[in-house]
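Got a structure for you, questions after.
Atoms considered below: every heavy atom in the structure, side chains included; atoms not considered: hydrogens, waters and symmetry mates. In what follows, residues are counted from 1 in the order of the sequence shown. These figures come from a predicted structure and were not determined experimentally.
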Amino acid sequence: MDAFTAGLLQRIWATESDLTRARETGDDFLAEVEQSELDDLHRLAAEHGVEVGATRV
């Protein structure tokens with residue numbers, strides 16, 4: 001796995017965690033921000049052929 005892929009997957013996992021935390025605390029604004037970031041990261045992954053369901057490293 002190259003550095004770009006590893007970094008992108010790490011950002012996705014961190015953003016998913018932040019999104020979950022925002023939802024659990026009822027912070028709707030932060031949840032929207034995190035969801036937008038996650039959508040952008042998934043788009044970037046798709047553009048570069050990165051499989052998001054890959055095993056964490």
Side-chain angles (χ1 to χ4, degrees):
M1 178 180 303
D2 63 25
F4 173 79
T5 300
L8 182 57
L9 290 174
Q10 183 61 40
R11 287 181 60 197
I12 289 171
W13 297 325
T15 304
E16 287 173 341
S17 177
D18 293 344
L19 175 59
T20 298
R21 191 174 16 244
R23 287 177 174 164
E24 288 174 347
T25 60
D27 190 334
D28 294 334
F29 177 75
L30 183 56
E32 286 185 37
V33 170
E34 296 297 346
Q35 184 63 61
S36 293
E37 176 70 10
L38 189 58
D39 293 344
D40 288 343
L41 291 169
H42 278 274
R43 179 192 48 76
L44 185 61
E47 288 175 358
H48 292 277
V50 174
E51 177 62 44
V52 176
T55 305
R56 291 183 188 206
V57 293

Rounded to the nearest 0.5 Å, how far apart are OG1 of Thr5 and CD of Gln10?
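The distance works out to 13.0 Å.
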Could you pull out the closest heavy-atom pair between Leu9 and Val52, with the gap in Å?
CD2-CA, 3.9 Å
When rounded to the nearest 0.5 angstrom, what distance separates CD in Glu24 from CG in Leu19?
10.0 Å
Side chain of Ser36, backbone of Glu32: donor and acceptor closer than 3.5 Å?
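Side chain of Ser36 to backbone of Glu32, a donor-acceptor pair under 3.5 Å: yes, one is there.
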If I compare all heavy atoms of Ile12 with all of Ala45, which pair ends up nearest, and what's the gap?
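Heavy-atom minimum between the residues: CD1-CB, 4.3 Å.
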How many angstroms lie between atom CG of Leu44 and atom CG of Asp39, to the nearest 0.5 angstrom?
12.5 Å
Does a salt bridge link Glu34 with Arg21, judged by any charged N lying under 4.0 Å from a carboxylate O?
no
Nearest 0.5 Å, please: how far is CD in Gln35 from CD in Glu16?
9.5 Å
Should Leu38 and Phe4 be counted in the same cluster of Ile, Leu, Val, Met, Phe, Trp and Tyr side chains packed under 4.5 Å apart?
yes
Restricting to non-hydrogen atoms, name the atom on Ala22 and the atom on Ala31 that form the minimum distance, rounded to 0.1 Å.
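The answer is CB-N, 3.7 Å.
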